[in-house]
Amino acid sequence: MAIQIKNLDQLKVMRRAGLVVAEIHQSIRAVIKPGMTTSALDAVAAACIKRNGATPNFLNYHGFPATICVSVNEEIVHGIPGDRIINDGDLVSIDCGAIVDGWHGDAAFSIGVGKVDPQDQKLMDVCEESMWRGIAAGSENARLSDIGHAIEQYINSQGKYGILREYGGHGIGTEMHQEPHVLNFGRKGFGPKIVQGLALAIEPMITRGSEKTKVLGDDWTVVSTDGSRGAHFEHSYVICPDGKPFVLT
Ligand code: MG
Ligand code: MG
C-alpha cells in the first residue's frame, strides 16, 4: 500500500483523535496505583473514549479483546488487561488509540508505580528520550531510516539496553497501521523521504536485558525471554503543510 499523504483538513481531524489519546494517558496517569487491576485501567480508557464520542481502535483489532494494551514488568507490549494486580514498584506500559471521524491516534507511555527502581526509571527515561530523538531526526526531507538510526544511537550511548527488533513504528491515518514501517535501529540515509503530510507513529521498545522476545500463549503479550523489564514510548507526529513537525498525540 502506498504511503498516505494528508492535507491540513485531514490533519485537523487526526489532531482531535490525538487529543483523545492524550486525555486517556492523562486519565490513566491520574489513577494508576498499587492494588489496581490492569482491567480497571482499561475501563478508565474506555470511559474516556466514550465521553469524547470517539471509537477505540485496539478493541477487536485482529481480535484484540480490550480497549488498551497494559504490559507489566517483563511484558513489553501488547499485554491484555485482566485480573493482574499492579504492585508497588511495577513498571507498567500503556498503549492506546482512538478513532475520530475515521482518523486514528496512537500513543504509548511507561510509568513506574509506587516506589520505582532507579534502573527502571533510567530505562524509561532513555526510551522516552530516544523517541523524541527519533521524531527530531524525522524532519522534512530526512530519510526514513534516519529516525531509527537516531533512536538506536541515543539508546546505545546511554548503556546496555535491548532494542526490540520485531516491532517498530508505522504510518498512521485512516488506519492505525500504515506504510511505512519504522525501524528503531539502522543506518542513516535509506528509505522514503520524509515529506509534508506524512504522519508517523514513533515507538521505541527497549529492555534492561536482551532484545529477544516471545509471545505468550494468549497470542498477544510480548515478553522478554530473559525476564528483564521493558519500556515503551510512542507519539504520532506529522510534517505539517508548512514543513514543521507537529506531535498529534
Ligand atoms: Mg503504534
Ligand atoms: Mg501504540
Side-chain angles (χ1 to χ4, degrees), residues 14-61 64-100 104-117 120-121 123-132 135 167 169 172 176 201-207 218 220-223 229-237 247-249:
M14 282 189 78
R15 172 60 168 163
R16 285 166 52 210
L19 285 174
V20 175
V21 175
E23 192 179 320
I24 301 169
H25 283 203
Q26 279 179 335
S27 308
I28 290 176
R29 285 180 185 279
V31 300
I32 191 167
K33 61 174 190 291
M36 283 183 94
T37 62
T38 53
S39 60
L41 299 177
D42 194 67
V44 168
C48 182
I49 289 175
K50 198 171 173 201
R51 75 170 169 265
N52 279 286
T55 309
N57 43 10
F58 287 25
L59 184 65
N60 299 323
Y61 180 84
F64 189 77
T67 301
I68 60 173
C69 298
V70 185
S71 310
V72 183
N73 297 338
E74 78 290 349
E75 302 172 352
I76 307 163
V77 287
H78 304 167
I80 302 174
D83 296 337
R84 183 166 182 168
I85 290 175
I86 296 165
N87 291 312
D88 189 53
D90 277 353
L91 192 172
V92 181
S93 297
I94 305 287
D95 193 355
C96 59
I99 309 170
V100 171
H104 289 246
D106 181 17
F109 68 98
S110 296
I111 186 169
V113 181
K115 196 175 180 307
V116 186
D117 180 334
D120 286 344
Q121 190 58 55
L123 176 82
M124 289 186 277
D125 292 346
V126 169
C127 188
E128 182 172 17
E129 178 64 19
S130 76
M131 171 194 68
W132 293 120
I135 290 171
Y167 307 93
I172 182 166
M176 179 163 54
I202 303 302
E203 48 179 319
M205 290 150 262
I206 63 174
T207 77
D218 63 17
W220 282 102
T221 313
V222 175
V223 299
R229 291 183 167 195
H232 177 210
F233 281 83
E234 174 182 30
H235 269 303
S236 302
Y237 84 103
V247 176
L248 296 159
T249 43

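Hydrogens, waters and symmetry mates are skipped; everything else that's a heavy atom, side chains included, is used.
- Tyr167 and Val222 get closest at one heavy-atom pair: OH-CG2, 3.3 Å.
- For the pair Ile76 and Ser71, the minimum side-chain heavy-atom distance is 4.5 Å or more.
- Residues Asn57 and Ala98 approach most closely at OD1-N, 3.3 Å, considering heavy atoms.
- In this structure, Glu234 CD and Ile135 CD1 are separated by 9.5 Å, a value rounded to the nearest 0.5 Å.
- Using a 3.5 Å distance cut-off with no hydrogens or angles, the side chains of Asp218 and Thr221 do pair a donor with an acceptor.
- Counting heavy atoms from C-beta outward, Phe233 and Ile206 have side chains that stay 4.5 Å or more apart.
- Taking the six-membered ring for Trp and thresholds of 30 and 60 degrees, Phe64 and Phe58 have ring planes more than 60 degrees apart, a perpendicular arrangement.
- When only modelled atom types and interatomic distance are considered, Gln121 and Asp117 share no side-chain donor-acceptor pair under 3.5 Å.
- A pairwise comparison of heavy atoms in Leu248 and Arg15 identifies O-NH1, 3.1 Å as the closest pair.
- Asn87 CG to Lys33 NZ: the interatomic distance, rounded to the nearest 0.5 Å, is 14.0 Å.
- In this structure, Ile94 CD1 and Ile28 CD1 are separated by 4.5 Å, a value rounded to the nearest 0.5 Å.
- When all heavy atoms of Gly230 and Ser93 are compared, the closest pair comes out as O-OG, 4.1 Å.
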_Show, in sequence, the C-alpha distance, side-chain angles and deciding distance for Arg84 and Glu75, and conclude whether the salt bridge (charged side-chain N to carboxylate O under 4.0 Å, His left out) test is met._
CA-CA 12 Å; Arg84 183 166 182 168; Glu75 302 172 352; 2.9 Å; yes
*Given side-chain contact (heavy atoms from CB on, under 4.5 Å), test Val44 with Ile24 step by step and report yes or no.*
CA-CA 8 Å; Val44 168; Ile24 301 169; over 6 Å; no
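- Atom OG1 of Thr38 sits about 10.0 Å away from atom CD1 of Ile80, to the nearest 0.5 Å.
- Defined by atom type and a distance below 3.5 Å, a donor-acceptor pair is present between the side-chain atoms of His235 and Thr249.
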*In sequence, state the C-alpha distance, the side-chain angles, and the governing distance for Met14 and Ile172, and then conclude on side-chain contact (heavy atoms from CB on, under 4.5 Å).*
CA-CA 9 Å; Met14 282 189 78; Ile172 182 166; 4.0 Å; yes
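- A donor-acceptor contact shorter than 3.5 Å links the side chain of Asn73 to the backbone of Leu91.
- The distance from atom SG of Cys96 to atom CZ of Phe109, rounded to the nearest 0.5 Å, is 7.0 Å.
- Put simply, the side chain of Ser39 gets close to the backbone of Gly82: a donor and an acceptor are under 3.5 Å apart.
- For the atom pair CG of Leu41 and OG1 of Thr67, the computed distance is 11.5 Å after rounding to the nearest 0.5 Å.
- Nearest approach of Asp42 to Ile68, heavy atoms of both residues: OD1-N, 2.9 Å.
- Taking a cutoff of 4.0 Å between a charged side-chain nitrogen and a carboxylate oxygen, Asp120 and Arg229 qualify as a salt bridge.
- At a threshold of 4.5 Å between non-hydrogen side-chain atoms, the residues Val92 and Ile32 count as touching.
- Glu203 has its side chain within reach of Asp95: a pair of non-hydrogen atoms, C-beta onward, lies under 4.5 Å apart.
- Under a 3.5 Å cut-off, the side chain of Asn52 and the backbone N or O of Ile49 do not form any donor-acceptor pair.
- In this structure, the side chains of Val31 and Met36 come closer than 4.5 Å at one or more pairs of heavy atoms.
- Pairing each heavy atom of Cys69 with each of His78, the nearest pair is SG-CA, 3.7 Å.
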_Before you tell me yes or no, could you show the steps for Glu23 and Arg51 under side-chain contact (heavy atoms from CB on, under 4.5 Å), namely the whole-Å CA-CA distance, both residues' side-chain angles and the distance that decides it to 0.1 Å?_
CA-CA 11 Å; Glu23 192 179 320; Arg51 75 170 169 265; 3.1 Å; yes
